[in-house]
Amino acid sequence: MTDRNTQVLHKDDNYTHNIHRNNERSLDRRGFMKTLAGAAGVFAVASLPWGTLAAKELMGLADKEYPHQKVVDIKDIAIGDSVEFHFPSEHDSAVLIRLDKNKFVAYQNACTHLRCPVYWVKEEKEMVCPCHHGKFDVHTGAPTAGPPRRPLPEIIVEVQNGAVYAVRVKRYEA
Ligand code: FES
């Protein structure tokens with residue numbers, strides 16, 4: 001008696017016996033080779049001195065740069081104060097905080113829990129979400145209290161000609 005599990009139905013039966021179209025196997029191989037070449041390319045680029053940044057750009061992980069947007073003149077924001085603005089679009093609310101003479105930080109301020117607006121409480125030196133008592137570290141944007149689990153997206157700022165400009169939104173790697 002023949003064991004059905006080991007029975008060979010066709011003489012060339014194997015795991016690809018259901019491939020019928022001409023060239024299907026070679027297309028499969030070609031697709032695989034393309035993927036391999038792409039991965040090798042990203043690896044090669046990543047090994048160059050500037051490669052990590054370029055590879056991140058290729059993979060869509062680099063910080064995203066937008067047209068620079070003036071937020072405030074330095075003379076108009078005292079140390080310890082904050083100013084609200086929108087970046088990169090008018091729908092993305094954000095807050096800029098002046099921590100020191102030359103130190104500014106900015107974050108998109110939709111709470112990472114349920115998107116209530118997070119604001120700066122100068123006296124407590126904390127960013128606070130009033131909805132469920134969420135709190136965020138002003139130096140990193142990381143959640144420190146309440147339900148939020150993800151940091152606020154950081155906006156990279158630059159000082160040019162006596163004013164603070166928003167230039168990039170930092171991306172978080174998974
Ligand atoms: S929405 Fe901010 S803590 Fe819930």
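Both backbone and side-chain heavy atoms feed into the values below; hydrogens, waters and symmetry mates do not. When a ligand or atom number is given, it counts from 1 through the structure's own listing order.
Within the 4.5 Å cutoff, the side chain of Ser89 has no heavy atoms near those of the Tyr66 side chain.
Using a 3.5 Å distance cut-off with no hydrogens or angles, the side chains of Thr144 and Asp137 do not pair a donor with an acceptor. Judged by distance alone, the side chains of His113 and His132 do bring a donor and an acceptor atom under 3.5 Å apart.
Sorted by first and then second residue, the pairs that involve residues 71-80 and meet side chain to side chain donor-acceptor pair (under 3.5 Å), not counting sequence neighbours, are Lys70-Asp73.
Between the side chain of Thr112 and the backbone N or O of Arg150 there is at least one donor-acceptor pair closer than 3.5 Å.
Tally of protein N, O or S atoms closer to atom 4 (Fe) of ligand 1 than 2.8 Å: 2.
With hydrophobic clusters built from ILVMFWY side chains whose heavy atoms lie under 4.5 angstrom apart, Ile74 shares a cluster with Phe85.
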